[in-house]
There are 2 protein chains.
Amino acid sequence: MRSPELVSPATLSKVQKAVEALGYVPNPAAQALASARSRILGVVIPSLTNQIFADLVRGVMDGLENSGYTPQFVNTRYQLTGEEELLRIFATQRPAGVIVSGIDQSDRARQVLRQMGCPVVQVMETSPDPIDMIIGCDQRDAGRAAVRHLIEQGYRRIGFLGALMDPRAQRRLAGYRDVVSAAGLNDDARLIMTSPQPTSYTMGGQLMSDLLAQCPDVDAVFCNNDDVALGALFECQRRGISVPARMGIVGFNDLDVAACSVPTLTSVRTHRYQTGLQAVQMILTRLENLPDHPRNVDAGYQLMPRQSTERMIAL
Amino acid sequence: MRSPELVSPATLSKVQKAVEALGYVPNPAAQALASARSRILGVVIPSLTNQIFADLVRGVMDGLENSGYTPQFVNTRYQLTGEEELLRIFATQRPAGVIVSGIDQSDRARQVLRQMGCPVVQVMETSPDPIDMIIGCDQRDAGRAAVRHLIEQGYRRIGFLGALMDPRAQRRLAGYRDVVSAAGLNDDARLIMTSPQPTSYTMGGQLMSDLLAQCPDVDAVFCNNDDVALGALFECQRRGISVPARMGIVGFNDLDVAACSVPTLTSVRTHRYQTGLQAVQMILTRLENLPDHPRNVDAGYQLMPRQSTERMIAL
DNA sequence: CTGTTAGCGCGTTCAA
DNA sequence: TTGAACGCGCTAACAG
């Protein structure tokens, strides 16, 4: 059954009939035990709830459809501590492959991943030096594009709003710093407002509120993500601050809501579903020894200019 | 190791030292094979992406924390067809327990679940006749509460907006019908607008738009869920229809965004995280033969009145 | 191409 | 209380 091409047609059809008649379904535990290889694909991500990872997960599940492999989600809860231990335990299951979020693994975690003896794909970021394979986008560069857009639209006192500053958010902040510094518009102590708490609409409103208190003349914000951006937009509406005329807002990720809020929200689109899908394909290709496949993929990003930064027209 | 109380203290400590020294970690495949029981908890849901199920999943994962069990997600994609087949294949893994969404399983699927030989919990709804155990809320009754609230606020031409009418949405619609009919306010042909497409903010705007075209004098809408409600709110803003004065809006689920939009959104809170958490506890309790635990739990709901239906004040 | 056989690492049973 | 032996259902390797 594992290699039908090595069997005579007659035997094959007999086998198929028997499978049918008995309702035979393989026992995955026995397969794993005998072959020292499971049909499990480990997916190590900080959160299943966050919309961003939910999209990735959807790509992974669709990519695995009818492949015979099953995803198993390992939730790191944004804590790098313990990641190595989680991976070590997971390694005993001898997974067929591993997808892991980001590039900030500890040295020991990288070690464990390398010794896992299966394909490993890092996702959501780019790196010249992946553990094995990688697909994602350059967060810092994407951050730069967002801020550059604000400057082009004529904004000058540009703030940064960020909740739960995970490594990717840190890199977007670095991109923000690159551009405002180059333009001589930097004022970190007053223009940057972050919180260690998780992302939410409510948190976006809070951050906007805090930033306005600290720096009343801010005229635009680059937000960590769309949740924060929408919360900030609502806060402006509550205070009668007109967007985009008096305040420009750029989000990140381009969730569905960005295209339909009032005003619509400028954002940076990231290709999360595609990333999940292709990460799976990279692994399956390797497992089946198919002709070479790219091992280091830049999934790119796309600035989506919308009303929340249309200052020219709004003035 | 499985029953330390039957072993002399001396041997126990020797075993523990050996475990330490060898870095021993049990092999789940071998455990499953030998015992004909895996430590896998099946979670059968229509979607991982939908915020509603993401919250449930978070409860499940938190409930499983340090229990030694692992969740395995089976995605039905809202298709009842094939559910039975999925379950049958899943049954070969001999899961420790199963959590399954809703109460609309086919007779054969119910059959398969009953023969699974492990605890089964249906979630998200109530029923006097569960397959085994159940926890959730009465969707129809919750729908009634939402519409009753609109009537109390003085709205009279009350519409219903729904995307992807899954069985739960159908029951909320039934609740809507109960109340508008009892009040003599029903006009199904003109006041109900649904779409088979998935829920999204954009879809909410579309549905609102279609409803206004079909029934221009509608003065309030009960929306299938908060995504649709927020999309509808944005559509009203785009058209200059004032909410709540000219149009009342009630959502469903009470997502984070409902409390912070402008105006804030009246919604019906459902306890999804708690439901996931407790569903797991019901299963673990049974597996450990602990003293009896409730088998049929009504998780309830809570109307959250907010600005989007404050007609009294707005007038 | 086909049939046979030895473990994979553990739970379970039985004897000591 | 401990130790030894068997077999879960399959893969892989080998001999026919």
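Everything numeric in this text was worked out from a predicted model, so none of it was measured. Letters A, B, ... mirror the listed sequences (proteins, then strands); counts begin at 1.
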Minimum-distance pair of heavy atoms, taken over all atoms of B:Thr199 and B:Leu164: N-CB, 4.2 Å
Interatomic distance, B:Asn27 CG vs D:dC8 P [rounded to whole Å]: 18 Å
Protein-nucleotide distance (A:Tyr24, atom OH; D:dC10, atom C1'), rounded to Å: 7 Å
Residue met sooner reading DNA chain D from 5', once B:Ala34 and B:Thr11 are mapped to nucleotides: B:Thr11
B:Arg108 atom CZ, over 12 foreign heavy atoms within 6.0 Å: no
Options D:dC10, C:dC10, C:dT12, nucleotide nearest the side-chain atoms of B:Ser35: C:dT12
Earlier contact from the 5' end, DNA chain D, for A:Ala32 and B:Leu33: B:Leu33
Length of the NZ-P vector between A:Lys14 and C:dG3, whole Å: 7 Å
Residues B:Asp138, B:Arg172: salt bridge by 4.0 Å N-O rule: no
B:Leu22 CG - C:dC10 C1' separation (whole Å): 16 Å
A:Gln31 vs D:dT11: side-chain N/O to OP1/OP2 distance below 4.0 Å: yes
Presence of B:Ser8 side-chain N/O under 4.0 Å of D:dT2 phosphate oxygens OP1/OP2: yes
Spatial distance of atom SG (B:Cys137) from atom NE2 (B:His271) [nearest 0.5 Å]: 8.0 Å
Value in whole Å for how far the C1' atom of C:dC8 lies from CD of A:Gln93: 16 Å
